[in-house]
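Worksheet: one structure, shown below.
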Amino acid sequence: MALVSMKKLLKQADEQNKAVGAFSVGNMEMVMGAVRAAEELNTPIILQIAEVRLKNSPLELMGPMMIAAAKNSAVDIAVHLDHGLTLPTVDKALELGFTSVMFDGSLLDFEENVKTVQKVVEKASKYKAAVEAELGVVGGNEGEGKAHKILCTDPVKAKEFCARTGVNALAVAIGNAHGNYPVLPELRFDVLEEIDKTVDTPLVLHGGTGITDEMFRHAISLGVRKINIATASFDHLARYAKNYCDSVEKANYFDLSAQQVNGVYENVKRHIKVFNNKD
Ligand code: 13P
């Protein structure tokens with residue numbers, strides 16, 4: 001299997017009435033844990049990293065590692081830039097060989113978002129890479145900073161946006177938010193249903209951490225084909241690392257590294273099973 005285009009994985013997910021998991025990574029252990037889970041379940045995944053995370057995990061180090069992991073994997077893997085915020089970062093990801101990039105223009109006005117995403121689509125087409133964009137505002141914040149107020153995606157605007165930009169995936173805002181939810185979110189499945197009826201483009205659900213399995217299945221039944229998970233993997237890694245350090249008198253790097261891999265592996269495996277939507 002191989003490094004593949006996100007388009008292929010979204011098409012397969014649509015044919016199989018499931019969603020492909022897009023798992024955020026920040027170090028080698030996270031990459032290894034996610035790939036191990038995907039291989040064990042024989043399921044393609046997307047490995048992704050968001051622009052705000054590049055302070056901790058530089059693109060020029062993470063990118064080649066993510067791509068190498070995909071190329072050496074027993075399953076198909078797409079490598080994706082999550083929440084690209086600037087065109088130079090999009091360029092850099094494409095040059096490194098990412099098979100997909102997101103440009104997040106959700107805080108721009110509609111016309112500005114359309115124009116910038118059109119530019120990204122043109123850039124990506126030279127690399128045969130896929131493009132994801134966002135319309136409406138997903139709550140919380142990917143990374144530190146002020147939490148954004150949720151603004152649900154307008155289905156009519158979404159149709160126009162997809163037609164004018166030609167994006168391969170559209171991130172929707174339906175009450176979802178990045179980070180841990182303080183209370184169980186009330187997702188607007190009525191809005192999602194309208195978007196699904198109006199738009200042919202595969203839909204993406206951000207803010208997967210804390211959403212229940214039942215909600216995931218409902219979202220998949222309404223056209224969600226990519227689901228993003230970040231915080232839950234970061235939290236699992238930190239918890240497994242802490243538990244290990246607390247359990248021994250003298251921690252060693254090698255066991256600590258293995259525990260980080262295990263933490264991410266467990267979280268990714270759990271989510272892939274739900275997204276495969278088999279039972
Ligand atoms: P969570 O951190 O809530 O899982 O969100 C992930 C995400 O949407 C990344 O873009």
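Every value quoted in this text rests on a predicted model; they were computed, and no experiment measured them. Just so you know, ligand 1 is whichever comes first in the structure, and atom 1 is the first atom listed for that ligand.
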If you count the atoms of ligand 1 from 1 in the order shown, which ones are under 4.0 Å from a heavy atom of His83? 10 (O)
Test item, Ala50 contacting ligand 1 (heavy atom, 4.0 angstrom): no
Restricting to heavy atoms, the pick from Asn267, Ile227, Thr209, Asn180 nearest atom 4 (O) of ligand 1 would be Thr209
Test item, Ala232 contacting ligand 1 (heavy atom, 4.0 angstrom): no
For the residue pair Thr86 and Glu51, confirm or rule out a side-chain donor-acceptor distance under 3.5 Å. yes
Residues Arg36 and Glu39 bridged, charged N to O under 4.0 Å: no
Between Arg270 and Asp213, is the closest basic N to carboxylate O distance under 4.0 Å? yes
Ligand-residue contact atoms, ligand 1 with Gly179, heavy atoms, under 4.0 Å: 1 (P), 2 (O), 3 (O)
Gln48 to ligand 1: N or O pair under 3.5 Å? no
Polar side chain donor-acceptor pair, Asn176 to His206, under 3.5 angstrom: no
Consider every N or O of Ile229 and every N or O of ligand 1, then say whether any pair is closer than 3.5 Å. no
Would you mind checking if Glu194 and Lys159 are paired as a salt bridge, meaning a charged N to carboxylate O distance below 4.0 Å? no
Of all the atoms in ligand 1, which lie at a distance below 4.0 Å from a heavy atom belonging to His206? 8 (O), 10 (O)
Would you check the N or O atoms of Ser24, main chain and side chain alike, for any that come under 3.5 Å of an N or O of ligand 1? no
Under a single-linkage rule joining Ile, Leu, Val, Met, Phe, Trp and Tyr whose side-chain heavy atoms are separated by less than 4.5 Å, which residues share a cluster with Tyr265? none
Within 4.0 Å of some non-hydrogen atom of Asp82, the atoms of ligand 1 are 9 (C), 10 (O)
Other than Tyr253, which residues form its hydrophobic cluster under the rule that side-chain heavy atoms must be closer than 4.5 Å? Phe254
